[in-house]
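Note sheet for the following structure.
Order of the sequence lines sets the chain letters (A, B, ...), proteins ahead of strands, with each chain counted from 1. In what follows, every heavy atom counts, from backbone to side chain, and hydrogens, waters and symmetry copies are set aside.
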Amino acid sequence: MPIFWLILIVLAIAVVGYILGRARAMRDAGGDIRKLHSLPSYYGANVALKAAVPAFLLMIVWLLVQPIYVTSAVSGLIPDGEGTSRAEHGLVMAEVRRTADGLKNAVAGGAMSETVARDPNADPDEVTQRLKDAGQIITSQITTPVLNAAQRYRDLNATGGLLMTAGVLILSVIGMLWGIRENRADFRARNVVERGVRALLIGAASIAILTTVGIVLSLVFNTIEFFRLYPAADFFFGLNWAPSFSGRGGSSELGVVPLLWGTFYISLVALLVAVPIGLFAAIYLSEYASPRMRAIAKPMLEVLAGIPTIVYGLFALLTVGPLLLSVFGKDGLGWMQAGTAVMTAGLVMGIMLIPFVSSLSDDIINAVPQAMRDGSYGLGATQSETIKQVVLPAALPGIVGAILLAASRAIGETMIVVLGAGAAARLSLNPFEAMTTVTAKIVSQLTGDADFASPEALVAFALGMTLFVLTLGLNVLALYIVRKYREQYE
Amino acid sequence: MNDMRPAERAVTTKDIKFECRNCDVYYGDTHAIKDVSVDVEDKTVTAFIGPSGCGKSTFLRCLNRMNDTIDIARVEGTYLLDGEDIYDKRVDPVQLRAKVGMVFQKPNPFPKSIYDNVAYGPRIHGLAKNKSQLDEIVEKSLRRAAIWEEVKDRLAAPGTGLSGGQQQRLCIARAVATEPEVLLMDEPCSALDPIATSQVEELIDELRENYSVVIVTHSMQQAARVSQKTAFFHLGSLVEFGQTGQIFTNPKDPRTESYITGRIG
């Protein structure tokens, strides 16, 4: 039975349970709502929760466990000769899965009888031909072990699906009956629903956290895999970035230093642009601007934050690059070879970060209590003296935090770099030369025909891990500074 | 004729420090102060009393143009400090506030050290030629605010770490450090406990020797204890203004009497 129908049926049981549970509670109270502990809808919800939640939980667990179980049961059927390495074994398993799907669809489409599909001694060539005729995607000739494995795979999945359907439906009905039985007039249905709501919220929070953990784990395992193929010391301290795409040779040089240098250099230029402008804009908006000016200027500034970074990238490539080239290029000062350079990407990234810095700083400056300013004005200080000596020192931890958060965004930025900074990994001090960053290289290592088992592709995970550790460190530092030095105002 | 008489007359003929005539204040459409005229004498404590929202704080803030920082406030009338109109175009409100210091309802020390809090005013106005002079000013101000003994060993500690009463005295020290001529106090004891309150009240009495002090207070006992002149505000108007003793023992206006005896407020 398709999952979709199963879900619908469980939901229907829950709805029926809601109605029955509510009616049962009302009957127990003799039709008088005041005799019930909770409102009637809570009794209904109690039954509906008990009908649906355990059933769905069982379903989710089953759906997660079944493929693992089936795969491990089937992979024993494949002889060792067929798949030696882990990657090849994975390929064979994919073939098994495709064949099983093909058999299922062929039977459903009437191109093959159930008995043929189940026959362990069927001729693989014939099966292949018939599957191809039925329009199923079969990449290669099916061998007998693969066919048998596919048949076993199909069997196990069918039985599993049947068992799951039965289990889920039985659990749902039991839950409903249990809930209805509970619904006496003095049953505290409201508290049960309250606990249900709390569990739902906890569930949402843990999904977010578990996803993060999953992402980190996948990064970690792939990084470890990479370091097995490529020495870690060469990665961290190598001064050259020269991956070869010809094949699996040891000819690639995958040193991260030039990429980190490019990342830091471009981020530095970006922050040099964004911090003063963003901070001054924030001071103007929060201290000097009239409410009307503020109401217009602040949303306009924040429009900058809504522009997709690829558009900034185009801006860098088509406007800022040529502009810089006309000043610093061959016709001007002669420092710049092409439009793509650290300066181009840095300037544009700085513009992108302005609203980030200004908006956060603005909030922080506004959080400084008016009493501070009054105290300063009351002593005869001017507005700028007050800002410089009272407001900014009070807001400084928050501003530093905002700058660090902006820095971690700059480090993680990709599209502007891809379009604005060029692709050459280079260790140079000249800001008018093309350089590249960690993020841009991750993109270029994984786009195109990447063999995911080669160090040239796996290096992307090591780069991603480096980036993740860097930005995480910056964020933690930012939060630490903000917490530690924040003045506690009431 | 007894011997006390010349001294008493000396009190009543003191110079007028602030002369306010026909003052009106509007917040947007709200008429907060209606035609108030008050004379504040030099070296005297003048108390403004009245129920909440009667405009006493608003009027106080007119005296050093703190209402300028509120966009929607509009101030009318004449305010003469030593005979000069403080709302004249030629007057710099920043300079004026150095002359007319202010202490606020809630202690608001800056997030700096105790020393820097007190030195803030003298620094921005360039009152000290060198470090030792600044040290002197800081010590003198802290002594005047009766807090020197408590903080002399930890001048580098943050001012926000002091207790509420100490913070308020620090704010008073900060205000007197710029050598103001008038000290405005907006309910300076409302956030303090009784012990800190009595310390601040003693301090106000001592400050009277050098400054003209205007204090807004909710506590009638406090007004009776610390002030020589009292003004009673009600619904934005000045109801009665006179010697503190006379206001509290023999009010002329029935509204003053009702307020003092607790029937309105």
>> With a 4.5 angstrom heavy-atom cut-off, is it the side chain or the backbone of B/Pro109 that approaches chain A, or both, or neither?
In response: backbone

> Under a 4.5 Å heavy-atom cutoff, which of B/Val94, B/Thr178, B/Val100 has the most pairs with chain A?
Replying inline: B/Val94

> Can you tell me if A/Ser359 and A/Asp362 form a side-chain donor-acceptor pair at under 3.5 Å?
Replying inline: no

>> What part of A/Ser290 gets within 4.5 angstrom of chain B, counting heavy atoms only: side chain, backbone, both, or neither?
In response: neither

> With a 4.5 angstrom heavy-atom cut-off, which part of B/Arg174 approaches chain A: side chain, backbone, both or neither?
Replying inline: both

> Are A/Arg409 and A/Phe356 in a cation-pi contact, defined as NZ or CZ under 6.0 Å from the six-membered ring centre and within 45° of the axis?
Replying inline: yes

> Cut-off 3.5 Å, side chains only: do B/Thr217 and B/Glu187 have a donor facing an acceptor?
Replying inline: no

>> Is B/Lys112 in contact with chain A via its backbone, its side chain, both, or neither, using a 4.5 Å heavy-atom distance?
In response: side chain

> Side chain, backbone, both or neither: which part of B/Phe110 has a non-hydrogen atom closer than 4.5 Å to chain A?
Replying inline: both

>> Checking side-chain polar atoms at under 3.5 Å, does A/Tyr377 have a donor or acceptor matched by the opposite partner on B/Asp68?
In response: no

> Only one of B/Asp82, B/Leu80, B/Val214, B/Leu63 clears side chain to side chain contact (heavy atoms under 4.5 Å, CB included) with B/Phe18; which?
Replying inline: B/Leu63

